[in-house]
Amino acid sequence: MWSDARLIAAKDLRIEMVSRVLTTQVLPFGLLVLIVFGFAISPDRQVVGGGRGDQTRAVLEQIAPGLFWLAVLFSTLLAIGHSFAVEAADGNLDALRMAGLDPAGIFIGKAAAVLAQLLVLELVLGVGALVFYGAPLANPVLLLLTMIVATIGIATAGILHAALAAGLRVRDTLVPLLLLPVLAPVLLGATLATEAALFGPASDGWPWFYGLAAFAVLYVGAGILAFGSLLEET
Amino acid sequence: MMAVSLEVVSDPVVVLEGAVSLLGNFPALAGLDFSVTSGEIVLLQGPNGAGKSTLLRLCAGLAPLRDGKGEVLGMSLATTQGRRDVRRQVGLLGHQTALYDDLTVEQNVRFWTAAGRGDLAMINPALDRLGLAQRLRTVPVGGLSAGQRKRTALAVLLCRRPKLWLLDEPHAGLDRLGRDLVDELVAQAVDSGATAIVASHELDRVAGLATRVVNLAGGHAPAGRTGRVGGAPDQAGHGAE
């Protein structure tokens, strides 16, 4: 399983390094989401420094964790879509089945490649959020662990649901419909844990962190068990 | 003096009895009886929609067997595990080449060879043989012509060394040299102990290569529509019944 996972992850990351979908599409999209949300919240930012501007900045600072995770979630849809688009093209999914790879290995490999890309994305978006929204950072350890665990959950759930829709012609529109409701608990937990990491106290964030860890474990397990059957049905 | 009858008994590679396979709700194979023994090169003929590609996908363990009996290389097509086991032993070259556009020719061949537990030492000889060893080796597959893509897919097949070659219109998109090369590769694979089933509309070319011809129509192999190449009746006791 692990050697198959390494093979798939290395292949997906190599494709990403050549196609640069993360750097030319996903990252700019995520940054745009952050900026556009900023504009939507504060249509009169030119008065920052005055009374209304200060209020707006305070609001942005408060909702920065939620906006950050929303941007991550929307960007995830692009990353997941690309991860399966390369398999849907030219019969590659059939060829993966023909190769006799362990389905659990394919699942872990694809999820690991998406995880690596999303962590890079979050790093850039995180800096972007701190700059655009001026949020403080009280507990970096909690923030880092939250990002890792939440992203494991997002990547594994994303790959699993993308596989569910892989054989359908409407997969591009179906995946967001399937995925966003499933990831709503991750959005909530990650936002509250990040809020605690930014503003403190950290003790408020750990219960959410454990919830995110449980979600990640659940989806890693579900993927290992179910991915083979989903691959058969595509 | 007692007469001695020497009969070569070949192992069955494909055995289908009353095989039904659906494309959606449509029975692409509707109760097909079909068998292939070791060392044969079987040419599948038939009009568009006759079920040739579905038969190849069924033999590859990709299309499910909805009814009837089916075995490939002694493994059942009726179970998921059986189909997974079949896939490791067979190679399918279909209308799609199953290559990643962003990876180079060599990266594609290396990935699929490793994924299929093929022989990594075969990569360089295979690229050489298919005329991909020089400049094309480092070219991303997305920049190749259809014929070059097919050559790359054939290189993958060579490295995987399957026991059963399933080729769907293998000459399509290739120039004359490429077509000759396909014929050579199939003949050599069979000489080395493999078996091949080839679906093709290019009868003039494949008829010279095939040891038997099976005609398909409407998901069946109608009685009397199978025979040895050259028109002789099929004496092997397999094929349509």
Side-chain angles (χ1 to χ4, degrees), chain A residues 1-25 82-110 113 117 166-169 225-234, chain B residues 24 53 56-57 59-64 75 79-104 106-108 110-118 120 138-144 146 149-150 152-153 156-157 159-160 162 164 166 168:
Chain A
M1 179 175 83
W2 295 109
S3 64
D4 290 348
R6 270 198 304 274
L7 190 69
I8 294 290
K11 181 264 295 175
D12 277 9
L13 290 174
R14 187 168 288 134
I15 288 175
E16 170 49 38
M17 285 172 75
V18 176
S19 65
R20 296 180 183 170
V21 168
L22 177 73
T23 50
T24 60
Q25 294 177 33
H82 182 247
S83 177
F84 263 81
V86 296
E87 307 300 353
D90 205 22
N92 291 335
L93 216 48
D94 274 350
L96 280 180
R97 294 160 73 196
M98 289 290 295
L101 291 168
D102 185 341
I106 299 175
F107 168 73
I108 291 175
K110 292 202 79 67
Q117 294 173 53
L168 304 173
R169 286 180 189 163
L225 293 175
F227 199 75
S229 303
L230 292 178
L231 216 52
E232 285 299 315
E233 295 302 321
T234 57
Chain B
S53 297
L56 292 178
R57 286 177 60 79
C59 292
L62 288 176
M75 293 168 279
T79 64
T80 303
Q81 189 54 50
R83 287 198 296 277
R84 282 184 183 156
D85 292 341
V86 165
R87 290 174 199 152
R88 294 191 180 99
Q89 307 288 329
V90 306
L92 172 68
L93 178 60
H95 296 290
Q96 296 174 305
T97 49
L99 300 169
Y100 295 103
D101 282 357
D102 293 314
L103 299 184
T104 66
E106 184 181 3
Q107 286 168 341
N108 265 288
R110 192 166 289 282
F111 170 75
W112 287 117
T113 303
R117 308 290 189 269
L120 292 173
T138 54
V139 172
V141 162
L144 298 182
R149 289 180 78 102
K150 187 150 271 184
T152 308
V156 172
L157 212 56
C159 295
R160 283 195 61 191
L164 175 62
L166 302 166
D168 200 352

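First the proteins, then the strands, lettered A, B, ... as listed; each starts at 1.
Interface remark: of the candidates B:Q96, B:R160, B:H95, B:Q96 forms the most heavy-atom pairs closer than 4.5 Å to chain A. Counting heavy-atom pairs closer than 4.5 Å to chain B, the top-ranked of the candidates A:A89, A:A95, A:S3 is A:A95. Contact tally against chain B (heavy-atom pairs below 4.5 Å) for A:V86, A:I8, A:L96: the top residue is A:L96. Of the residues considered (B:G61, B:P162, B:A115), B:A115 shows the highest number of contacts with chain A, using heavy-atom pairs under 4.5 Å.
Pairs passing the salt bridge (Lys or Arg N to Asp or Glu O under 4.0 Å) check and including a residue from residues 87-97 of chain B, sequence neighbours excluded, read A:E232-B:R87, B:D85-B:R88.
Here the straight-line distance linking atom CD1 of A:I106 with atom NZ of A:K11 works out to 8.5 Å at 0.5 Å rounding.
We find that B:D101 and B:R149 are joined by a salt bridge, their nearest charged nitrogen and carboxylate oxygen being less than 4.0 Å apart. In summary, A:D4 and B:R117 engage in a salt bridge, as defined by a charged side-chain N under 4.0 Å from a carboxylate O.
Using a 4.5 Å cut-off between heavy atoms, B:T97 touches chain A through backbone and side chain atoms alike. Neither the backbone nor the side chain of B:V156 comes within contact range of chain A; no heavy atoms are under 4.5 Å apart. For B:L99, the parts lying near chain A are the backbone and the side chain together; criterion is any non-hydrogen pair under 4.5 Å. Within the 4.5 angstrom heavy-atom criterion, only side-chain atoms of B:Q107, from C-beta onward, approach chain A.
Counting all heavy atoms, side chain and backbone alike, B:C159 lies closest to B:T113 at CB-OG1, 3.3 Å. When all heavy atoms of B:A114 and B:L120 are compared, the closest pair comes out as N-CD2, 4.1 Å. In this structure, A:G228 and A:P103 approach most closely via the heavy-atom pair CA-CB, 3.3 Å. Taking all atoms of both residues into account, the shortest heavy-atom contact from B:W112 to B:A98 is NE1-O, 3.0 Å.
For residues 12-19 of chain A, heavy-atom neighbours of chain B at less than 4.5 Å comprise A:R14, A:I15, A:V18, A:S19, sorted by residue number.
Counting only heavy atoms from C-beta outward, the side chains of B:F111 and A:L7 approach each other to under 4.5 Å.
Put simply, the side chain of A:N92 never gets that close to the backbone of A:A88: no donor and acceptor are under 3.5 Å apart.
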